[in-house]
Amino acid sequence: MSRVRAIRARALAELSAEGEAALALLPEPARRSSAQREVARRLHDESRQARRRFLAEHADEVYDLLTAEKTRRPRLGELLSAAAQEFAGLVPTAEQMAVEGGRRQAGKEGREIDQGLFFGGLLRARAAGEHLIASMLAPTSRALDLATTFVKSGSVALEKVRIERVGHTAHVTISNPDCLNAEDNGLVRDLETAVDLVALDRGSRVGVLRGDVMSHPKYAGSRVFSSGINLKDLHLGRISYVDFLLGRELGCVNKLLHGVRTEGGGPALCGTTQKPWIGVVDTFAIGGGFQLLLVLDQVIAVEGAYLSLPAAQEGIVPGLANLRIGRFAGGRLTRQMILGGRRIPVDDPSADRLIDEVVPAEDVAAAVERAADALAAPAVVENRRMLVLAEEPVDSLRTYLAEFAEVQALRLHAEDVLAKVARRGGRG
């Protein structure tokens, strides 16, 4: 550790400790008066400004220490654990996050903001950021444990996702039927595992992503693609910033587009194993469900379905949709969807920019088979790789993610978001 960094790290630790001691004198967040909330805000702001300054100067050094000079590739949670041990006051401790985990979203201290500042700082540093992005493309240990089972049996059933190989096509079915395939921590974890398994399976040349049949009373017996983030879980404080709001983007969503990084792969986005993906939209693809469509190679929609990205209504940033949707929709339609909440029926002419084919429900299987046969052609994967490289170079991705990491954490605790989530999540 350099002498300057060590001195600044000690100063940060001391300032953070003083702030925590003052916070400890206040009631828990949900019981604070307006004046006490203002005191807490000032204490947090002072510590966060110091963390920003420290990371602006030392992000690369911090990352090299935590990754043994980039010879290790820890995931987000592992990085946080290591940072909490090596740099007191830089990130929340495991004990602090455990306390947060027992609170509703509106009653939290807001420590996810400090996690967001940490990852934003790392991603702004080019070398650290590129290494972190590449590290999160590696298959999860859970997928590696299940890979042999999937290769041999051709199927794996997780709690909220099923994977089945049919010929050269791997069908991934999202199955959270009682809440319209709303995304929660478990579903995101299962989906990343499924994407890894498809990428690692030599017998699968194309992946298909579709929603299961619902048991929810309003849509019982119908298939649904996705209703987006589970607002009830968000209201109850059960949506993880690390494992969901940031980890989803760097994990399963990025893997759908950029592939899975295998052992010995090259730097950044090079050296990944990629598969083309088909999406089937039944009924609707809302929010995070629509975001998934932006990283798929062909989208087939069932007649009567619609697309929606209600970011302004929910108040949070819609993942990496702001980076990606303009490639398909153009600037004007992008703003109408993200800023204005415009809903796009699949038979609307504007939907032609977002989906490839609209078919009756009874014709889905034939449409998927045709698309899978076309995407299984030998030259597809490498042409796809070059298209993705041209559309989303690593530096553009890293720059966006650096801002997103911090902005999303701040929005997660914004008063307007908390009020909306309380109204909508409380009804779930």
Side-chain angles (χ1 to χ4, degrees), residues 137 139 143 147 150-151 154-156 161-174 191-211 223 225-226 252-262 265 269-282 285 289-303 305 307 320 324-325 327-329 346 351-392:
L137 292 177
F150 183 60
V151 168
S155 66
V156 169
V161 173
R162 299 192 308 275
I163 315 104
E164 182 181 10
R165 188 194 316 112
V166 180
H168 58 68
T169 304
H171 292 255
V172 175
T173 304
I174 302 170
L191 187 55
E192 181 172 6
T193 301
V195 173
D196 286 344
L197 289 173
V198 174
L200 296 172
D201 180 38
R202 291 173 181 260
S204 303
R205 299 178 68 178
V206 179
V208 176
L209 188 60
R210 191 179 188 185
R223 285 183 180 266
F225 188 72
S226 173
C252 71
V253 180
N254 242 17
K255 287 175 175 178
L256 283 166
L257 183 63
H258 293 286
V260 173
R261 190 179 188 279
T262 51
L269 303 180
C270 300
T272 60
T273 298
Q274 298 191 17
K275 301 281 172 74
W277 282 88
I278 300 165
V280 179
V281 179
D282 296 273
F290 176 76
Q291 294 166 32
L292 292 174
L293 306 183
L294 301 175
V295 295
L296 306 181
D297 300 286
Q298 187 155 345
V299 178
I300 298 164
V302 178
E303 289 178 344
L307 315 174
L320 272 68
R324 292 168 174 157
I325 187 174
R327 302 170 199 162
F328 304 93
V346 296
D352 289 347
R353 308 179 198 176
L354 303 168
I355 58 177
D356 298 282
E357 186 177 4
V358 179
V359 298
E362 61 270 21
D363 293 345
V364 167
V368 168
E369 186 175 358
R370 287 195 304 272
D373 286 344
L375 290 172
V380 165
V381 169
E382 294 310 322
N383 276 288
R384 178 191 193 274
R385 186 188 303 278
M386 300 309 294
L387 280 171
V388 171
L389 179 63
E391 291 173 342
E392 192 168 288

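Position 1 is the first residue of the sequence; numbering continues from there.
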*Please report the C-alpha distance between His258 and Val388 in whole Å, then the side-chain angles of each, then the deciding distance to 0.1 Å, and finally whether the side chain to side chain contact (heavy atoms under 4.5 Å, CB included) criterion is met.*
CA-CA 7 Å; His258 293 286; Val388 171; 3.4 Å; yes

Exercise. Hey, is the main chain of Val280 close enough, under 3.5 Å, to the side chain of Arg210 for a donor-acceptor pair?
Worked result: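 Checked: no pair found.
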
From Leu191, Val198, Val260, residue fulfilling side-chain contact (heavy atoms from CB on, under 4.5 Å) relative to Lys255: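 With Lys255 as partner, side-chain contact (heavy atoms from CB on, under 4.5 Å) holds for just one option, Val260.
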
#### Entry: His168 to Ala376 - nearest heavy-atom pair and separation
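The pair with the smallest heavy-atom distance is CE1-CB, 3.8 Å.
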
Mind checking the CG-CZ spacing from Asp201 to Phe150? Nearest 0.5 Å is all I need.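 Asp201 atom CG to Phe150 atom CZ measures 4.5 Å (nearest 0.5 Å).
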
| task | Verify, without hydrogens or angle tests, whether Arg162 (side chain) and Thr173 (backbone) share a donor-acceptor contact under 3.5 angstrom. | result |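 No.
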
request  = Please determine which of Ile300, Asp297, Leu296 meets the side-chain contact (heavy atoms from CB on, under 4.5 Å) test together with Ile278.
outcome  =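 Exactly one option meets the side-chain contact (heavy atoms from CB on, under 4.5 Å) with Ile278, and it is Ile300.
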
Handout entry: Residues Thr272, Arg385; criterion side chain to side chain contact (heavy atoms under 4.5 Å, CB included); working and verdict
Key = CA-CA 9 Å; Thr272 60; Arg385 186 188 303 278; 3.3 Å; yes

From CG (Leu354) to CD1 (Ile325), nearest 0.5 Å: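 If we round to the nearest 0.5 Å, Leu354:CG and Ile325:CD1 are 6.0 Å apart.
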
Practice prompt. Take Leu200 and Thr273 through the test side chain to side chain contact (heavy atoms under 4.5 Å, CB included) and record every step on the way to the result.
Written response: CA-CA 7 Å; Leu200 296 172; Thr273 298; 5.8 Å; no

| message | To the closest 0.5 Å, what do you measure between CG (Leu256) and CD (Gln274)? | response |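 It comes to 11.0 Å.
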
Inset, instruction - Please answer whether the main-chain N or O of Ala361 pairs with a side-chain N or O of Glu303 as donor and acceptor at a distance below 3.5 Å. - result: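 Flag not set: sc Glu303 to bb Ala361 has no pair under 3.5 Å.
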
Working to the nearest 0.5 angstrom, can you tell me the gap between Leu257 CG and Trp277 CH2?
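If we round to the nearest 0.5 Å, Leu257:CG and Trp277:CH2 are 12.5 Å apart.
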
- Item | Candidates Asp356, Ile355, Val206 - the one meeting side-chain contact (heavy atoms from CB on, under 4.5 Å) with Gln298 |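 It is Asp356, the one option of Asp356, Ile355, Val206 that forms the side-chain contact (heavy atoms from CB on, under 4.5 Å) with Gln298.
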
Open item on the list: For the backbone of Val151 and the side chain of Arg165, can you confirm whether one donor and one acceptor N or O come within less than 3.5 Å of each other?
Closed with: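 Present.
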
Given side chains that start at C-beta, do those of His171 and Ser155 come closer than 4.5 Å, heavy atoms only?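 When only atoms from C-beta onward are counted, Ser155 and His171 do not touch, as no gap falls below 4.5 Å.
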
From CD1 (Ile163) to OG1 (Thr193), nearest 0.5 Å: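 The OG1 atom of Thr193 is 7.5 Å from CD1 of Ile163, to the nearest 0.5 Å.
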
* Check the pair Val195 / Glu192 against side chain to side chain contact (heavy atoms under 4.5 Å, CB included), numbers first and verdict last. => CA-CA 5 Å; Val195 173; Glu192 181 172 6; 5.7 Å; no

